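Just below is one structure, and these are the notes that go with it.
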2 protein chains.
Amino acid sequence: MTINIKDVAIKAGVSIASVSRVLSGKPGVGTETAERIRKVIEELDYRPNLGARGLAKRTTGNIAVVIPRGSFILNNPFFSTILEGIAKGFDQTNYNMMMSFTSLQQKRLLETQAVDGVILFSPRNEELSLEWLKGIGLPIVVVGSYLEDSPFPCVRPDDEDGIRQAVTALYQLGHRNIGIINGPMSSMHSVRCLNGYKSTLLELGLDYSSENVFEIDEFDAFKATKTMAAFLKDHRKITGVVCSSDYLAIGVIKAAAMIGLSVPEDLSVVGADDVPISDFITPSLSSVHVDLLGIGKRATSILMDMIQGKQIRKRDVVFKMEYINRATTDVPKNS
Amino acid sequence: MTINIKDVAIKAGVSIASVSRVLSGKPGVGTETAERIRKVIEELDYRPNLGARGLAKRTTGNIAVVIPRGSFILNNPFFSTILEGIAKGFDQTNYNMMMSFTSLQQKRLLETQAVDGVILFSPRNEELSLEWLKGIGLPIVVVGSYLEDSPFPCVRPDDEDGIRQAVTALYQLGHRNIGIINGPMSSMHSVRCLNGYKSTLLELGLDYSSENVFEIDEFDAFKATKTMAAFLKDHRKITGVVCSSDYLAIGVIKAAAMIGLSVPEDLSVVGADDVPISDFITPSLSSVHVDLLGIGKRATSILMDMIQGKQIRKRDVVFKMEYINRATTDVPKNS
DNA sequence: TTGTAAGCGTTATCAG
DNA sequence: CTGATAACGCTTACAA
């Protein structure tokens, strides 16, 4: 039914080898013949069968983007923005992009020689076995967060410094009782955020108290608002909070509203990562910006290099963050 | 390097044909032999090469999810939620999912026999040539919006009725000056929303005036807030607006804030589709709910049927919508 | 410069 | 029930 290389060869009166050569731009075919072949390809609107090519070349021409715990994650703009960067990155290449959101899909994708490489969204530590990942023997780059003890290159925001900037910004506004709303400790990202929070408090001469840290039990901020509201209610001296993500920050604003606190009058809140929607909601969210698109693009370019066998010198690419003051932060009320 | 069907055959002391048989669960192999083969497969941790299988079977085992105008779209929760539904749907199948966000990627994906079917996110009318789409001869289902004169099955929200419900809800609250914030008319979705708006006004005995409709020029609501603010400023008699999407509604809230209007006191706003974040922002957005996840799932199941050659009876699957009253709607001020 | 032919890893059609 | 063997569509030595 669909036309193949042989059809082209016959119509052009040459061998399939020659056709293959012009297809892959290889030398060894007369200018004139090449021209004729190209014309026939055009006429027949021939497209090489990628699967067959893959078989012959022992490469697939596609890469996997794997997202652990897929369910809700797509709705988290942090991920979707990085994903957009990845997609943009792939536009420059000839690779196709396969996505997997569940562990079933992941196994299928990575174990069946269906891809040449993988971009792995920061899994939680317990989720994906490092051993298994190493075992599949594919080039892998981790994106979004660091994977502990991993041999894979990683592209991520400088979240520790991001939190530092957020805390400092609140401090400079006059806040002295600063809390942190953090993700689960099973994520390295949360761990680093807490570190940044602690050390900055120290730097600033403020006391650290575990009292002031709230760790959501699940990554889904939706479900966490009620418990966050309870936390805020129990900790009224807190005048400002930093969050380990913008998504959480939006939840905090909701939690504050639930107990009658208004933002930023009664409570200042700072997010992290500065996802697009943060500037869009009302009041617009103060956050710590990072080039999420750039992170995605960089991840793909590193992966491309790995696939091409290049040696990767920088195995931990850290994007700098920068505090953006918007409308959810103000001087504390009683100052 | 990687082990193949031959390795299994040799180690099991059988022919590759037999191995292939047990692999695909085909009859014609002794219980005992089959058992032995299975054991070897297990021992060797053998996985069939999907590319090779595809070549032989003339199917690829993967489907394409194509998203026109990819750039910003991923950050639109309407799309990402449907996408989540699609992903969930694929979990039930043995298919892998390939994504394309740009026209370059799309051509590559659809023309190279890389997929067995495609789920097409509602393109604008001018974007994708129907002729081309038909020409590729792949099963296609359109999702999210209707494609004019298209021969492809379609799964979508009943947006016309959704707007009707939104307008009616505002009416019942006492609003008599109701505006609409709509997307560009190049999208059928916008066209249907406008229809719903007009006809409902008529039903309710209210006058329709093009004065009260604001059509954003681009799909990116981010950039539209300024012009929306100007519109609202020029149309102060409007006490409530319905929007063709939640995303736009969020923009309206921002636009209102820009000119000192507060929601819902000075202006009631209703979104459409009820994306997850709408219940999450503050104040939570009144909207017209539709089962976006269900839409995604349904689209994949229809596609699966098409691929299996089943006849599709229902070529236009419409999901019903339901108004959800939340915090961005109230009685008009001077009532 | 060109063509022949041997793979690539499967499936599927035959015979036995 | 089992095993050769010819496809599948392409790349790539190796010859000519």
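What you are looking at is a predicted structure, and each value in this text was computed from that prediction instead of being measured. Proteins come first, then strands; the chains are lettered A, B, ... in the order of their sequence lines, and each starts at number 1.
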Subject >> Spacing between B/Glu35 atom CD and D/dT2 atom P, to the nearest angstrom >> reply: 13 Å
Original post:
To the nearest 0.5 Å, how far apart are CG in A/Leu303 and CG in A/Asp305?
Top reply: 9.0 Å
Original post:
What integer distance in Å separates B/Ile41:CD1 from C/dT10:C1'?
Top reply: 13 Å
**OP:** Assign B/Val14 to base, sugar-phosphate, or nothing according to its heavy-atom contacts below 4.0 angstrom with the strands shown.
**Re:** sugar-phosphate
Subject >> Minimum-distance nucleotide to A/Ile5 side chain [options: D/dT11, C/dT11, C/dG3] >> reply: D/dT11
Original post:
Looking across every strand, which nucleic acid part, if any, lies under 4.0 Å from A/Gly28 by heavy atom: base, sugar-phosphate, or nothing?
Top reply: base
Original post:
A/Trp132 and A/Glu111: side-chain donor and acceptor closer than 3.5 Å?
Top reply: yes
**OP:** Rounded to 10°, tell me the angle between the two end axes of the helix from C/dT1-D/dA16 to C/dG16-D/dC1, each built from five pairs.
**Re:** 40°
Original post:
For the pair made of CG in A/Leu23 and P in D/dC10, what is the distance, rounded to whole Å?
Top reply: 8 Å
Original post:
Is the shortest side-chain N to carboxylate O distance from A/Glu32 to A/Arg36 below 4.0 Å?
Top reply: no
Subject >> Salt bridge B/Glu35-B/Lys39, side-chain N to carboxylate O under 4.0 Å >> reply: no
Original post:
How is B/Thr33 classified with respect to the nucleic acid when contacts are heavy atoms under 4.0 Å: base, sugar-phosphate, or nothing?
Top reply: sugar-phosphate
Subject >> Under-4.0 Å side-chain N/O to phosphate OP1/OP2 contact, A/Arg53 with D/dG9 >> reply: no
Original post:
DNA chain D: B/Thr31 or B/Gln113, which has the more 5' nearest nucleotide?
Top reply: B/Thr31
Original post:
How far does CG of B/Leu50 sit from CG of B/Asn62, to the nearest 0.5 angstrom?
Top reply: 7.5 Å
Original post:
Does the base of D/dG3 carry an N or O that pairs as donor and acceptor with the side chain of B/Arg21 under 3.5 Å?
Top reply: yes
Original post:
Rounded to the nearest 0.5 Å, what separation is found between the CG atom of A/Leu23 and the OG atom of A/Ser18?
Top reply: 11.5 Å
Subject >> Test side chain to side chain contact (heavy atoms under 4.5 Å, CB included) applied to A/Leu133 and A/Ile140, A/Val66, A/Val142, the passing residue >> reply: A/Ile140
Original post:
Using a cut-off of 4.0 Å on non-hydrogen atoms, how would the nucleic acid contact of B/Lys6 be classed: base, sugar-phosphate, or nothing?
Top reply: nothing
**OP:** Please tell me which of the listed nucleotides, C/dT10, D/dC10, D/dT2, lies nearest to the side chain of B/Val29?
**Re:** D/dT2
Original post:
Over how many whole Å does the gap from B/Tyr46 atom OH to C/dG9 atom P extend?
Top reply: 10 Å
Original post:
For D/dT12, does either OP1 or OP2 sit under 4.0 Å from a side-chain N or O belonging to A/Lys26?
Top reply: yes
Original post:
Tell me: CZ of A/Arg36 to P of C/dT1, nearest whole Å?
Top reply: 14 Å
**OP:** Quickly work out the B/Ile10 CD1 to C/dG9 P distance and round it to whole Å.
**Re:** 12 Å
**OP:** Could you check whether A/Ile16 gets within reach of a base, just the sugar-phosphate, or nothing at all, counting any heavy atom under 4.0 Å?
**Re:** base
Original post:
What does B/Ser18 touch in the nucleic acid at a heavy-atom separation under 4.0 angstrom: a base, only the sugar-phosphate, or nothing?
Top reply: sugar-phosphate
Original post:
Which whole-number value in Å describes the distance from B/Ile3 CD1 to C/dC8 P?
Top reply: 15 Å
Subject >> Residues A/Arg156 and A/Asp316 bridged, charged N to O under 4.0 Å >> reply: yes
Original post:
A/Ser20 side chain N/O closer than 4.0 Å to the phosphate oxygens (OP1, OP2) of D/dT11?
Top reply: yes
Original post:
With respect to the side chain of B/Lys57, which nucleotide from C/dA12, D/dG9, C/dT10 is positioned closest?
Top reply: C/dA12
Original post:
Taking atom P of C/dC8 as reference, at what distance in whole Å does atom CG of B/Leu55 sit?
Top reply: 14 Å
**OP:** Decide yes or no on salt bridge (charged side-chain N to carboxylate O under 4.0 Å, His left out) for B/Lys134 and B/Glu131, but give the supporting numbers first.
**Re:** CA-CA 5 Å; B/Lys134 288 184 213 158; B/Glu131 293 315 311; 3.6 Å; yes
Subject >> Nearest-neighbour nucleotide for the A/Ala17 side chain, C/dG3, C/dC8, C/dA12 considered >> reply: C/dG3
Original post:
Counting side-chain heavy atoms from CB outward, which of C/dT4, D/dC8, D/dG9 is closest to B/Arg58?
Top reply: D/dC8
Original post:
Taking OP1 and OP2 of D/dG9, is either one under 4.0 Å from a side-chain nitrogen or oxygen of A/Asn49?
Top reply: no
